[in-house]
Amino acid sequence: REKLGAELQADFDTALEQVSELLAAFRVPVLAIKGYEADDVIGTLARREAAAGRQVVIVSGDKDFYQLIGPRIALLNPGRGGAAGVEEHWVDEANASERLGVLPGQVVDYLALVGDSSDNVPGVKGIGEKGAVQLLQEFGNLDALLARAPEIKAKRPREALQQYADNARLSRELVTIRADIDVPLDLASAAAKEPDADALVRVLTRLEFHTLARRYAPAAILAAARARAASAP
């Protein structure tokens, strides 16, 4: 992606700082590994913890995470409200192919074929979603498609795969979520905790979330009272 301009970068940095403050006040642990995208951190943790026998649930509506669905790894799309709202949706191996039309093991190849302009993933020009599903159902995976492109009966996808084979390979690399990076995590430290009510009220008030601030204010007052009582002689 192109770098942000100075003004947008400043806005982003401010927003990131505010979100970090909110997460700290809610006592939500944050993991960040320099040089890697959040998807890679999530993918590594998901595969590692599933291999250790734990049930993993990735909370996201991002279709890229469908490639991680498998034994002990499920996806929860939390949905959203509003005029264009969608319902919360649980996805595991039983229904993983419903959204994209392909199995989790084919998701990377599917995304490599259709591309994603918002992420600068070129894909293969001339192959859309339906075409990608049909080709993967017939040939199985991207490597087989590229190797057997001359056998494809339809002219448009045949020529597209022959012309844009390099784009397909690059796109596959771009959409593949890594699962092999070093991510230190102490599960006990990630256990749910009560929010820091005092800090939360301060941050919410400063950000003008007054309704939310009032919701946590009684807890903040109670926490302060408890602290004063504990320190009294």
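Note that the structure is a prediction, hence the values are computed from the model and not measured.
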- Message: Checking Ala46 now: which residues fulfil side-chain contact (heavy atoms from CB on, under 4.5 Å) with it, not counting sequence neighbours?
- Response: Val56, Ile58, Ile73
- Cluster question for you: counting only ILVMFWY and a side-chain heavy-atom cut-off of under 4.5 Å, with indirect links fine, are Val102 and Ile152 together? yes
Under 3.5 Å, which donor-acceptor pairs link side chains of residues 24-36 to any protein atom two or more places apart or in another chain?
| unit_1 | atom_1 | unit_2 | atom_2 | d |
| --- | --- | --- | --- | --- |
| Arg27 | NH1 | Glu194 | O | 2.8 |
| Arg27 | NH1 | Pro195 | O | 3.4 |

- Note on the structure: Heavy-atom closest pair (Gln162 atom, Ala149 atom, distance to 0.1 Å) is CG-CB, 3.9 Å
- Only one of Val124, Leu142, Ile127 passes side chain to side chain contact (heavy atoms under 4.5 Å, CB included) with Leu135; say which it is. Ile127
- Message: Applying a strict under-4.5 Å side-chain criterion to I, L, V, M, F, W and Y, I'd like to know whether Ile69 and Leu76 cluster together.
- Response: no
- Item | Val203 to Leu22 - nearest heavy-atom pair and separation | CG1-CD2, 3.6 Å
- Query: Are Val175 and Asp116 side-chain neighbours, meaning at least one heavy-atom pair lies under 4.5 Å?
  - Reply: no
- Task: Mind checking side-chain hydrogen bond (donor to acceptor under 3.5 Å, both in side chains) for Glu21 and listing every partner two or more places apart, or none if nothing turns up?
- Result: Arg206
- Any side-chain heavy-atom pair of Arg99 and Val91 under 4.5 Å: no
- Item | Nearest non-hydrogen partners of Gly101 and Val133, listed with the distance | O-CG1, 3.6 Å
- Message: Show the nearest heavy-atom pair for residues Ala112 and Ala168, with the distance to one decimal.
- Response: CB-O, 3.7 Å
- Item | Qualifying side-chain hydrogen bond (donor to acceptor under 3.5 Å, both in side chains) pairs, either residue in residues 134-153, two or more places apart | Asp143-Arg172, Arg148-Glu151
- Answer whether the closest heavy-atom distance between the side chains of Asp109 and Leu145 falls below 4.5 Å. no
- Query: Does Val59 share a hydrophobic cluster with Ile42, counting links as ILVMFWY side-chain heavy atoms below 4.5 Å and allowing steps through other members?
  - Reply: no
- Query: By side-chain contact (heavy atoms from CB on, under 4.5 Å), which residues pair with Gln9, not counting sequence neighbours?
  - Reply: Leu4, Phe12, Asp13
- Note on the structure: Closest non-hydrogen atoms of Gly123 and Ser171, given as atom of the first, atom of the second and distance, are N-OG, 2.9 Å
- Is it true that Val183 and Val57 fall in one hydrophobic cluster, defined by side-chain heavy atoms closer than 4.5 Å? no
- Query: So which pairs with a foot in residues 82-98 pass salt bridge (Lys or Arg N to Asp or Glu O under 4.0 Å), sequence neighbours left out?
  - Reply: none
- Over all atoms of both residues, closest heavy-atom pair of Trp90 and Asn95: O-ND2, 3.0 Å
- Flag the pair Arg169 / Leu146 as yes when at least one side-chain heavy-atom distance between them is below 4.5 Å, and no otherwise. yes
- Cluster question for you: counting only ILVMFWY and a side-chain heavy-atom cut-off of under 4.5 Å, with indirect links fine, are Phe139 and Leu103 together? no
